[in-house]
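The structure presented is a predicted model; accordingly, all values stated were derived computationally and were not measured.
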Amino acid sequence: MDEWQLLRRADGPVTRGRLAADLRALGLAPGDTVMTHTRLSALGYVAGGPQTLIAALLDAIGESGTLMAPCGWNDALPYDFTRWPRAWQEAVRAEHPAFDPALSEADHNNGRLPEALRHWPGAVRGRHPDAGFVAVGARAHELMDHQPWDHPHGADSPLARLTACDGRVLLLGAPLDTLTLLHHAEALADAPGKRHVTYEQPVTEDGRRVWRRFTDIDTEGEAFPYGNVVPPGRRPFEVIAEEMLAAGTGRRGRVAAAESHLFEAPAVVRFGVDWIERRIR
């Protein structure tokens, strides 16, 4: 999409001040701890790109607030690399670099903002190579430090900590199926057919590159057999989020040109766990 299309989308350039005002109107407030998912192009032509957006978000939540985003690792090995021919496996085991929170690039699938946020002054990035997050602000260490290696969306995960501190989730032009916090609901829910994956990645421990095996719910496929309760062609998180909004949980509004949503983390988790446990049988 070229600049003129983006400019017309928001009736002119989207500036830091304009973004901060719209974010406050949506409900962000000083002291908030908020995780954001962003589709930057949906906002329009953001003058300055992710740097401007991050600054506006920090303006809205103030010095006592905390901004968090899913980060991941763009060069993580696929879960099924252990099915590659033995010579290929040996090559990556010998030389694939270890995940490094300071150096490893954020997953491109999470958009441009996480990569910019991890370079922000004072940013704290979690140690997990796959289910990793990054945060800036007053609670950054509280959210990020010592994330469990196994079950990284479950108890004591950054998502659990976000929920425990009455955090919020902001979707800025991002589709409803990006509501990552529902992975925490999946980790907590007690319903039949829960699916887990085990995979390996190289990480750094005590200054050494080591291979580590991880266990998590299946976030790349589906953590539960949703096929019987979600219509064909629909994504489970999209359906859950739509029902959540219809029930009065969450706010809708526009930030620049983008339809955006603001959710309270504890309410999302409660609704998600209840939805899964009632529907999946």
Legend entry - side chain to side chain contact (heavy atoms under 4.5 Å, CB included) evaluation trace for Ile217 with Arg195: CA-CA 6 Å; Ile217 55 172; Arg195 299 164 179 162; over 6 Å; no

Inset, instruction - Test side chain to side chain contact (heavy atoms under 4.5 Å, CB included) on Asp59 and Arg24 and set out the steps. - result: CA-CA 9 Å; Asp59 288 344; Arg24 293 186 186 105; 4.0 Å; yes

Inset, instruction - Start with the C-alpha distance between Asp274 and Arg270, add both sets of side-chain angles, then the distance that settles salt bridge (charged side-chain N to carboxylate O under 4.0 Å, His left out), and finish with yes or no. - result: CA-CA 6 Å; Asp274 179 69; Arg270 284 194 301 270; over 6 Å; no

Legend entry - Evaluation steps, side chain to side chain contact (heavy atoms under 4.5 Å, CB included), between Leu19 and Val255: CA-CA 6 Å; Leu19 285 165; Val255 175; 3.8 Å; yes

Inset, instruction - Apply side chain to side chain contact (heavy atoms under 4.5 Å, CB included) to Ser260 and Leu171, showing your working. - result: CA-CA 5 Å; Ser260 300; Leu171 305 185; 5.9 Å; no

Inset, instruction - Test salt bridge (charged side-chain N to carboxylate O under 4.0 Å, His left out) on Glu105 and Arg118 and set out the steps. - result: CA-CA 9 Å; Glu105 192 174 9; Arg118 78 176 186 87; over 6 Å; no

Inset, instruction - Start with the C-alpha gap between His96 and Trp73, add the side-chain angles, then the distance that decides, and say whether ring-ring contact (aromatic ring centres under 6.0 Å, His included) holds. - result: CA-CA 13 Å; His96 196 290; Trp73 181 19; 5.6 Å; yes

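A donor-acceptor pair under 3.5 Å is absent between the side-chain atoms of Thr204 and the main chain of Gly207, judged by distance alone. With hydrogens and angles ignored, the 3.5 Å screen pairs a side-chain donor or acceptor of Arg9 with a backbone N or O of Ser41. The main-chain N or O of Pro50 is never found under 3.5 Å from a side-chain atom of Thr52 such that the two would form a donor-acceptor pair. Side-chain atoms of Arg235 never come within 3.5 Å of backbone atoms of Glu238 as a donor-acceptor pair (strictly under, hydrogens ignored). Side chain of Glu243 to main chain of Phe271: no donor-acceptor pair is present (N/O by atom type, distance under 3.5 Å, no hydrogens or angles). Remark: side-chain polar atoms of Arg125 are paired, donor with acceptor, to backbone N or O of Ser104 under 3.5 angstrom. Checked by atom type and distance alone, the side chain of Lys194 never pairs as donor or acceptor with a backbone atom of Pro225 at under 3.5 Å.
Hydrophobic cluster membership is shared by Leu26 and Leu40, with clusters built from Ile, Leu, Val, Met, Phe, Trp and Tyr side chains linked at under 4.5 angstrom. Hydrophobic clustering keeps Met35 apart from Ile61 (ILVMFWY residues linked when any side-chain heavy atoms are closer than 4.5 Å, directly or through intermediates). No continuous path of hydrophobic side-chain contacts links Trp4 to Val46 [ILVMFWY only; heavy atoms under 4.5 Å]. Met144 and Phe214 fall into different hydrophobic clusters, where Ile, Leu, Val, Met, Phe, Trp and Tyr side chains are chained together by heavy-atom contacts under 4.5 Å. Cluster annotation: Val169 is not connected to Val34 through the hydrophobic network of ILVMFWY side chains, with a link wherever side-chain heavy atoms come within less than 4.5 Å.
Among the candidates Leu179, Thr163, Leu159, the single residue satisfying the side chain to side chain contact (heavy atoms under 4.5 Å, CB included) test with Val268 is Leu179.
Nearest approach of Pro202 to Leu77, heavy atoms of both residues: CD-CD1, 4.4 Å. Closest approach of Ala138 to Ser64, counting heavy atoms only: CB-O, 3.6 Å. Taking all atoms of both residues into account, the shortest heavy-atom contact from Ala56 to Arg16 is CB-O, 3.6 Å. In this structure, Arg209 and Ala98 approach most closely via the heavy-atom pair CG-CB, 3.8 Å. Contact record, Ala185 with Val273: O-CG2, 3.6 Å, taken as the closest heavy-atom pair. Heavy-atom minimum distance, Pro158 versus Met68: CB-CE, 3.8 Å.
In this structure the side chain of Glu259 reaches within 4.5 angstrom of the side chain of Arg252, judged on heavy atoms. Contact annotation: the side chain of Val134 never approaches that of Trp120 to less than 4.5 Å [non-hydrogen atoms, C-beta and beyond]. Side-chain contact between Leu182 and Ile240: present, with at least one pair of heavy atoms (C-beta onward) separated by less than 4.5 Å. A 4.5 Å side-chain heavy-atom check between Leu245 and Glu242 finds every atom pair outside the cut-off. At a threshold of 4.5 Å between non-hydrogen side-chain atoms, the residues Val197 and Thr215 do not count as touching. Put simply, the side chain of Asp107 does not reach to within 4.5 Å of the side chain of Asp75, judged on heavy atoms. At least one side-chain heavy atom of Trp275 sits under 4.5 Å from a side-chain heavy atom of Val239. Side-chain contact check for Thr38 versus Leu53: some heavy-atom pair is nearer than 4.5 Å.
Atom CG of Asp32 and atom CG of Leu262 lie 7.5 Å apart (nearest 0.5 Å). Summarising the geometry, atom CG belonging to Asp156 is positioned 10.0 Å from atom NE2 belonging to His146; distances are rounded to the nearest 0.5 Å. Distance CG/Leu117 to CG/Leu58: 7.5 Å, rounded to 0.5 Å. A distance of 8.5 Å separates CD in Glu200 from CD in Gln89, rounded to the nearest 0.5 Å. Going from atom CZ of Phe133 over to atom CG of Leu143 covers 10.0 Å, rounded to the nearest 0.5 Å. To the nearest 0.5 Å, atoms NE2 (His108) and CD (Glu115) are separated by 6.5 Å.
The side-chain tip of Arg127 points at the ring of Trp149 from less than 6.0 angstrom away and within 45° of straight on.
Neither side chain, Asp216 nor His196, offers a donor N or O lying under 3.5 Å from an acceptor on the other.
The distance between the ring centers of His128 and Phe99 does not fall below 6.0 angstrom. For an aromatic pair to be called close, the ring centres must be under 6.0 Å apart, and Phe237 with His183 satisfies this. Ring to ring, Trp211 and Phe81 are close: their centroids are under 6.0 angstrom apart.
The neighbour count for Gln51 CD, taken as heavy atoms of other residues, nucleotides or ligands under 6.0 Å away, does not exceed 12. Environment of CH2 in Trp84: crowded, with over 12 heavy atoms of neighbouring residues, nucleotides or ligands closer than 6.0 Å. More than 12 heavy-atom neighbours from other residues, nucleotides or ligands sit within 6.0 angstrom of CZ on Arg279. Residue Asp80 qualifies as enclosed at atom CG: its count of foreign heavy atoms under 6.0 Å is above 12.
Hydrophobic cluster of Leu103: no remaining members, since no ILVMFWY side chain lies below 4.5 Å from it.
Using cut-offs of 30° and 60° for the angle between ring planes, the Phe263 and His261 rings count as parallel.
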